[in-house]
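Have a look at the structure below before the remarks.
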Amino acid sequence: MILTTTTIDKIKTRMARYPSHRSAILPALTEAYRQVGNLNPAIYKEIAKIIRVPYVEVAEAASFYTMFPKNETGRYLLQVCHNISCSLRGADNMLLYIQEKLGIKLGETTKDNLFTLISVECLGGCSAAPMLQIDDTYYENLTREKIDSLIADLRTNAAHKNQEAPSTATPDSDSTDSKDDV
Ligand code: FES
């Protein structure tokens, strides 16, 4: 089993909110992603069993969303929207700036394993374009200064988490989740 009992309990709690088990697919994928940091067919299989839906329905949903990476990523997955509104308001420049700042290309992860950069379709934050998403948080009206500040904050946050880790980590606790809130 890949999913911990904590994650399984969270999935079951969320499943109980819906009249149809199928409605719990996205919440279940979200909980699994929060624990593991990426998704794969073995996880789809476990989710399908937990919420009692066909494997293919879980796999289909997971494959549709870029917010569920299928390969290992850095601690922070920077999803920069490249769609029309963001593009018109400078998303390409923001993407180039982030690549330059982090020393990586699209799809790559920094050597310290902190940041992975991808570009994605519209995230529904068009009124505050250009924007990016990390975990559940939107960072909007991006400028170079905001990106500088965001990356600095994330680095600080990661350093704090690393310092805390030895005293707080337990095999099945939320503190071991690979995706930290920022
Ligand atoms: S076009 Fe970027 S959020 Fe919609």
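Just so we're clear, the structure is a prediction, and the values are computed from it rather than from any experiment. First listed ligand is number 1; within each ligand, the first listed atom is number 1.
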Do you see a donor-acceptor pair shorter than 3.5 Å between the side chains of [X] and [Y]?
X    : Y    : value
D148 : Y97  : yes
N162 : R75  : yes
T73  : T116 : no

Q) Which protein heavy atom lies closest to atom 3 (S) of ligand 1, and at what distance to 0.1 Å? A)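 Nearest protein contact, heavy atoms only, for atom 3 (S) of ligand 1 is G125 N, 3.3 Å.
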As an exercise, identify every atom of ligand 1 less than 4.0 angstrom from a heavy atom of [X].
X    : result
L123 : 3 (S)
G124 : 3 (S)
S85  : 1 (S)
C86  : 1 (S), 2 (Fe), 3 (S)

Q. Is K70 atom NZ crowded by more than 12 heavy atoms from other residues, nucleotides or ligands, each under 6.0 Å away?
A.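 Yes - once you tally the heavy atoms of other residues, nucleotides and ligands closer than 6.0 Å, there are more than 12.
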Q. Parallel under 30°, tilted from 30 to 60°, perpendicular over 60°: which one fits the rings of Y44 and Y55?
A.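 Rings of Y44 and Y55: tilted, 30 to 60°.
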Q.
Rounded to the nearest 10°, what angle sits at atom 4 (Fe) of ligand 1 between SG of C126 and SG of C122?
A.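 Vertex atom 4 (Fe) of ligand 1, arms to SG of C126 and SG of C122: 90°.
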**Q.** Result of checking T30, T7, T6 against Q35 for side chain to side chain donor-acceptor pair (under 3.5 Å)
**A.**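 Running side chain to side chain donor-acceptor pair (under 3.5 Å) over T30, T7, T6 with Q35 returns exactly one hit, T7.
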Q) Is the distance between atom 2 (Fe) of ligand 1 and the nearest N/O/S atom of C81 smaller than 2.8 Å? A)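 Short answer: yes, at least one N, O or S atom is under the cut-off.
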